[in-house]
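Because only heavy atoms are used, hydrogens play no part in the values below, and waters and symmetry mates are left out as well, while side chains stay in. Please read these numbers as outputs of a predicted model, since none were measured by experiment. Numbering starts at 1 and runs along the sequence shown.
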Amino acid sequence: MDRVSFFMIYCAIFGLVVNFAAAQTVHVVGDSMGWDIPPNTSASYSNWASAKTFMLGDILVFNFMTNQHDVVQVPKASYDDCSDDGAIGSVITAGPANITLNSAGDRYYICTIGRHCEAGQKLSITVVSSSTPQPNACAPSPNAVAPMPPARLTPPPPPPSASVALPTSFLLLIISVGLALIF
């Protein structure tokens with residue numbers, strides 16, 4: 001295979017990887033605190049989640065020490081009761097645990113060890129699909145006297161380093177391998 005053909009194939013694969021990497025975000029649950037008993041009840045995880053948008057294909061990373069914590073998805077009633085009744089899937093006991101968000105809707109996660117959930121080690125999120133329209137808080141109300149100019153949306157600030165590091169590292173690896181094969 002000549003260098004031009006190889007370069008064209010490499011560029012096509014690189015384009016696919018860039019599109020895939022941009023389509024998912026890695027969310028480290030609790031950021032630097034990780035998946036642990038929060039110092040001030042569940043407000044820690046509620047506050048953490050309220051600043052995020054969770055999309056289909058995103059990945060939740062629950063950082064915890066094996067045998068000290070676990071994580072399981074549960075229905076809302078079990079989340080409210082801190083019970084693993086009706087668990088959705090198996091309890092994940094080995095940390096860190098990576099969970100890919102593969103369907104839209106509300107998701108509830110708890111730690112089942114001891115009274116960790118009661119102490120606030122539980123997470124509630126809403127997963128949206130990329131085609132789900134987001135409400136426009138700047139849209140004019142029907143009672144407005146004059147039409148409002150269209151809102152100019154600015155992109156959100158960059159995600160925490162963990163959200164960028166994985167796709168960026170992968171892309172750098174692909175670029176390095178491709179350049180090594182070309183030269």
Side-chain angles (χ1 to χ4, degrees), residues 19-139 141-142 151 153-167 170:
N19 284 335
F20 176 74
Q24 72 180 24
T25 301
V26 176
H27 301 279
V28 178
V29 175
D31 292 328
S32 62
M33 181 178 75
W35 184 238
D36 202 350
I37 300 170
N40 56 1
T41 69
S42 63
S44 294
Y45 291 111
S46 297
N47 291 341
W48 175 84
S50 69
K52 311 266 186 270
T53 300
F54 301 96
M55 305 287 290
L56 286 177
D58 285 359
I59 299 170
L60 296 178
V61 177
F62 291 84
N63 281 327
F64 63 90
M65 298 293 293
T66 300
N67 297 325
Q68 291 184 7
H69 300 287
D70 61 25
V71 64
V72 65
Q73 183 180 348
V74 294
K76 177 153 180 25
S78 297
Y79 172 85
D80 292 338
D81 294 340
C82 283
S83 164
D84 62 356
D85 290 343
I88 302 166
S90 301
V91 176
I92 302 171
T93 58
N98 297 335
I99 298 175
T100 301
L101 303 174
N102 55 13
S103 61
D106 295 331
R107 300 283 175 272
Y108 305 95
Y109 300 95
I110 64 170
C111 178
T112 66
I113 294 181
R115 299 191 56 83
H116 293 190
C117 179
E118 289 87 346
Q121 193 173 359
K122 57 196 232 175
L123 172 67
S124 169
I125 64 169
T126 299
V127 180
V128 296
S129 66
S130 58
S131 61
T132 303
Q134 300 300 310
N136 183 354
C138 298
S141 68
L153 300 176
T154 57
S161 61
S163 298
V164 175
L166 182 64
F170 184 69

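With contacts defined as side-chain heavy-atom distances shorter than 4.5 Å, the pair K76/D106 does not qualify. Two residues are said to be in side-chain contact when any heavy atoms from C-beta on lie closer than 4.5 Å; I88 and V74 fail this criterion. Side-chain contact between I113 and Q68: absent, with no pair of heavy atoms (C-beta onward) separated by less than 4.5 Å. With a 4.5 Å cut-off on side-chain heavy atoms, C82 and R115 do not count as touching.
Between H27 and W48, the ring planes lie perpendicular to each other; the angle is over 60°, past the 30° to 60° tilted range.
Interatomic distance, T126 OG1 to K52 NZ, rounded to the nearest 0.5 Å: 15.0 Å. Separation of atoms CD1 (I110) and OG (S83) is listed at 6.5 Å; rounding is to 0.5 Å. Within the model, atoms CG of D36 and CD of Q121 stand 6.0 Å from one another, a figure rounded to the nearest 0.5 Å.
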For this session: Please test V128 against T53 for side chain to side chain contact (heavy atoms under 4.5 Å, CB included), starting from the C-alpha separation and ending with a verdict.
Result: CA-CA 8 Å; V128 296; T53 300; 4.1 Å; yes
For this session: Apply side chain to side chain contact (heavy atoms under 4.5 Å, CB included) to the pair V71 and F64, showing each step before the final yes or no.
Result: CA-CA 9 Å; V71 64; F64 63 90; 4.2 Å; yes
Exercise. Hey, mind stepping through L101 and M55 against side chain to side chain contact (heavy atoms under 4.5 Å, CB included) and telling me if it holds?
Worked result: CA-CA 7 Å; L101 303 174; M55 305 287 290; over 6 Å; no
For this session: Report the C-alpha distance between L60 and I125 in whole Å, list the side-chain angles of each, state the deciding distance to 0.1 Å, and finish with yes or no for side chain to side chain contact (heavy atoms under 4.5 Å, CB included).
Result: CA-CA 11 Å; L60 296 178; I125 64 169; 3.8 Å; yes
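Under the 3.5 Å distance criterion, the side-chain polar atoms of W35 are left unmatched by any main-chain donor or acceptor of G30. Looking only at distances, no side-chain donor or acceptor of T112 sits under 3.5 Å from a matching main-chain atom of D84. Judged purely by atom type and a 3.5 angstrom limit, D58 uses its side chain to pair as donor or acceptor with the backbone of T25. Side chain of N47 to main chain of S44: no donor-acceptor pair is present (N/O by atom type, distance under 3.5 Å, no hydrogens or angles).
Pairing of C111 with C117 by a disulfide is not supported, the SG atoms lying 2.5 Å or further apart.
Centroid-to-centroid, the aromatic rings of F62 and Y109 come within less than 6.0 Å.
Sorted by first and then second residue, the side-chain hydrogen bond (donor to acceptor under 3.5 Å, both in side chains) pairs involving residues 90-104 (not counting sequence neighbours) are S103-R107.
In this structure, S124 and Y108 approach most closely via the heavy-atom pair OG-CE2, 3.3 Å. The shortest heavy-atom contact between A97 and I92 is CB-CG2, 3.5 Å. Heavy atoms only, all atoms of each residue included: A94 and T66 are closest at CA-OG1, 3.4 Å. What you find for L56 and S129 is that their closest heavy atoms are CD1-CB, 3.5 Å. Residues I37 and A119 come closest through the heavy atom pair CG2-CB, 3.7 Å.
Cation-pi check for K122 over Y79 is met; the charged atom lies under 6.0 angstrom from the ring centroid and within 45 degrees of its normal.
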